[in-house]
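Residue numbers start at 1 and run along the sequence shown. When reading the values below, keep in mind they use all heavy atoms of this one structure, side chains included, and skip hydrogens, waters and symmetry mates. Just follow the structure's listing: the first ligand is 1, and inside any ligand the first atom is 1.
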Amino acid sequence: MLPFKLVYHEEYDLHLGSHVFPSQKYRLVRDALIAENIASPRDILKPEPAMDADVLRVHQTDYIHRIKKGTLSASEQMVLEIPAGPETIRAFWLAAGGSILAGQHAMKDGFSANIGGGFHHAYSGHGEGFCMIHDVAIAVRRLQADQIIQKAMVVDTDVHHGNGTAAIFAKDDSVFTLSIHQERNYPSPKPPSNIDLHLPDRIGDDEYLSILGEGMFRAFDQFQPEIIFYVGGADPYREDQLGGLSLTLDGLKERDRMVFQHARRQKVPVAITLAGGYARHVADTVRIHVNTIVAARDVLLNKPKT
Ligand SMILES: [Zn+2]
């Protein structure tokens, strides 16, 4: 039913209970896509956990060993902000496998979406901000190792700066990073991306879209990737509990269309990941993510705005 593949695993859910991070959203997004006849179960692929060889192209061996042995220090646990038990570890390894699979399928179909992932705050040697390992970086490195691509771009519209992405690819000319985010928000510090669009508090749709559009032109002026990984956080939404921007649901849908249309114009495939989303009502976060998938479909099929 969809002209591209979705990637999802029921064990993406971290089962965090009343935590601000609603990790049940992955299931809710999947269920909404099916219930609304946007996708059929046959459009959805089930990932395997990433292999450690894939993870270790990005992360320090010592950090990964300490995760697996359950010996992260108290301060490491604290900055991660989620419990690091076996269920959590499996969920992050599955999300990384999911982003690899989405990258591979995006190269075939023009688009693919991992209904998970986008853990852009993970650094090579530590995790933070609900992000244990960096699924997008792991996927980029795997596609490069398989010689499917040489050059990738990461476009990150989560309301929080993509600090892990920027740090991991800082000295790497093969990966171009763009982050558009609220300046006065987590994380601090913000290591430089290739393009950082630091936004003032409470910016609305029109101003946001004009800054993003200009940033996308500038990115493609400077760099020609063979794939884009899109970190499409739902948290620039005006009702978000961890965000301070004022985008509407329509503005967020237009944001996604804009990124995808730039990619289409340049004939560059897009692998989508979901990243953050902490709206007061989980249903809004789910709607924003569902709309991202619909925007990708409409751009791929050349449908006008709905
Ligand atoms: Zn975020």
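- Nearest N, O or S atom of D158 to the Zn ion (ligand 1): atom OD1.
- For Y26 and H9, the ring centers sit 6.0 Å or farther from each other.
- In this structure, H134 has its ring center at least 6.0 angstrom away from the ring center of H120.
- Ring centers of F260 and Y230: under 6.0 Å apart, within the cut-off.
- When distances from the Zn ion (ligand 1) to the N, O or S atoms of D235 are compared, OD2 comes out shortest.
- At a threshold of 2.8 Å, the Zn ion (ligand 1) has no backbone or side-chain N, O or S atom of H120 nearer than that distance.
- Here the N, O or S atom of H160 that is nearest to the Zn ion (ligand 1) is ND1.
- Between F130 and the choices V20, L14, L16, the side chain to side chain contact (heavy atoms under 4.5 Å, CB included) rule is met once, by V20.
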